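Have a look at the structure below, then the notes.
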Protein chains: 2
Amino acid sequence: MKTKKTYHHGNLREVLLNAALEILDSSGVEAVSIRAIARMANVSHAAPANHFADRRALLTAISVLIFKQLATTIDTALASGPAARKKRIKVFADSLLEFGLNYPHRYKLMWRRDLLDDDDLELQQTMDGIYAALLAELSSNSFPSNYSSDTFAIALWSLVHGYVSMRLDGNFEARQDEISGQPRHHAMLDLFLQVVDC
Amino acid sequence: MKTKKTYHHGNLREVLLNAALEILDSSGVEAVSIRAIARMANVSHAAPANHFADRRALLTAISVLIFKQLATTIDTALASGPAARKKRIKVFADSLLEFGLNYPHRYKLMWRRDLLDDDDLELQQTMDGIYAALLAELSSNSFPSNYSSDTFAIALWSLVHGYVSMRLDGNFEARQDEISGQPRHHAMLDLFLQVVDC
DNA sequence: AACATAATGTTGACGGTGACAATATTGACT
DNA sequence: AGTCAATATTGTCACCGTCAACATTATGTT
């Protein structure tokens, strides 16, 4: 009748993170509670405190995982991607965009700075790494003069992030999201990338 | 010693909405609780239930107010704005952008569909009205062929929304947000609006 | 091997929240 | 005057995050 083998769990931290990810994917960040993941791991409600100082620390740890997953996705896509600069930029944008559409709740959590620990070094570094990967694809002479690659990078990122956010929050109607049978974001990115040719 | 004049408050609903807006602006949507606004209105914790079915209904009512405020802001700016189409598009974008930067917590709430009532008619209509105002400034022959005004509208809105969201969530460093002493978003919008000339 | 200490887990409590039910008071209409 | 709907109160419940006190086990030193 003993359901628990040992008093000490062994790898509770990992189990808790997996539980949190599962709840996140299925029910959103609101449902990710300390007590819920403790229940799922068959452990007392205060056990997680030994591994995560508070809920913010838990969500931050999850975000680090997610950001690393995104970084890997982008790196992989770029590594096997085309050589032309403009096309590589599009690969980057597509990777980010599809990641958001594929993992809606993960994507949304990534940017909920109000729920995360701003001072977390690992989080900052992983984010910076992704931004650096974008900058690496840009060189100033590819764009209209007067515009720095930073401005271009921020514009591109804003465009993708804005679109994905709106889509995930349900602010674009389904019919608005297709044009000529193609996803809207293809046309949208092409439209934007015209400035590279200007 | 009687602090309350009457058992029935008189205009509780309005008072509650103002309290909610005050808390929202100062502390963010997380702090906007039924009980908090009840306390602020010197009323029992269950009194708001007579005016708002639940917290979601309360936040939806606030959002309607905010969207109407945004609509007014945009309409005013456009009414006294320039005549050239491209400049009017910029006025629209600037209005949206500055509204977000000026009222961070209000702007963030507007898009938190997870907290709002999707079926609220007034909310939908106010949102649709703003989008229609943007479409009204566009005509298909102003843009590169192959791109509909819907695509352009969604791209522009995504760009602005993405930038504002990132800024408000603290995802752009302060130094990244200025270029040549000008706010980054000016250069960013100019960059994007080049496609109108292509 | 024995012990000390750190790591990890449990139990119980506190105050906060949204929501509901039961009740009290008041306003409005007949 | 009497009735009913609107509105406010009190009390309760389950959930949450967090803390404190305590129990159990792992680890490492002597």
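Each chain gets a letter, A, B and so on, in the order the sequences are listed, and its residues count up from 1. These numbers come from a predicted model, not from an experiment.
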Inset, instruction - When you get a sec, tell me which of C/dC20, D/dC16, C/dT11 is the closest nucleotide to the side chain of B/A46? - result: C/dC20
Legend entry - Whole angstrom value for the distance that separates P of C/dT25 from CG of B/N50: 16 Å
Inset, instruction - Would you kindly give the CD1-to-P distance between B/I34 and D/dC16, to the nearest whole Å? - result: 19 Å
Inset, instruction - Ignoring the backbone of A/H45, work out which of C/dT8, C/dT10, C/dA13 is nearest its side chain. - result: C/dA13
Inset, instruction - Mind calculating the distance between CG (A/N42) and C1' (C/dG9) to the nearest angstrom? - result: 13 Å
Legend entry - Side chain proximity check, B/F172 to A/S158, heavy atoms < 4.5 angstrom: yes
Inset, instruction - Would you indicate, yes or no, if C/dT17 has its OP1 or OP2 atom less than 4.0 angstrom from a side-chain nitrogen or oxygen of B/S33? - result: yes
Inset, instruction - Kindly point out which of D/dC16, C/dT10, D/dA8 is positioned nearest to the side chain of A/R39? - result: D/dC16
Inset, instruction - Flag the pair A/E30 and B/R112 as a salt bridge only when some basic side-chain nitrogen lies within less than 4.0 angstrom of an acidic carboxylate oxygen. - result: yes
Legend entry - Protein-nucleotide distance (B/L12, atom CG; C/dT25, atom C1'), rounded to Å: 14 Å
Legend entry - Hydrophobic cluster identity match, B/L65 and B/W111, side-chain contacts under 4.5 Å: yes
Inset, instruction - Nearest whole angstrom, please: distance from the P of C/dG18 to the CG of B/L16. - result: 13 Å
Legend entry - d(CG, A/L58; P, D/dT18) in whole Å: 10 Å
Inset, instruction - Would you state whether a donor and an acceptor, one from the side chain of A/D54 and one from the base of D/dG17, lie under 3.5 Å apart? - result: no
Legend entry - Gap between atom CG of B/L96 and atom CD1 of B/I130 - 0.5 Å precision: 8.0 Å
Legend entry - Non-hydrogen side-chain atoms of A/N171 and B/H161 separated by less than 4.5 Å: no
Legend entry - Nearest-Å distance for atom pair CD/C1', residues A/E30 and C/dT17: 13 Å
Inset, instruction - Report yes or no: is there a donor-acceptor pair, N or O only, under 3.5 Å between the side chain of B/R35 and the base of C/dG18? - result: yes
Legend entry - Nearest-Å distance for atom pair CZ/C1', residues A/R56 and D/dT18: 14 Å
Inset, instruction - State which of D/dT10, D/dT18, C/dG9 makes the closest approach to the side chain of A/R55. - result: D/dT18
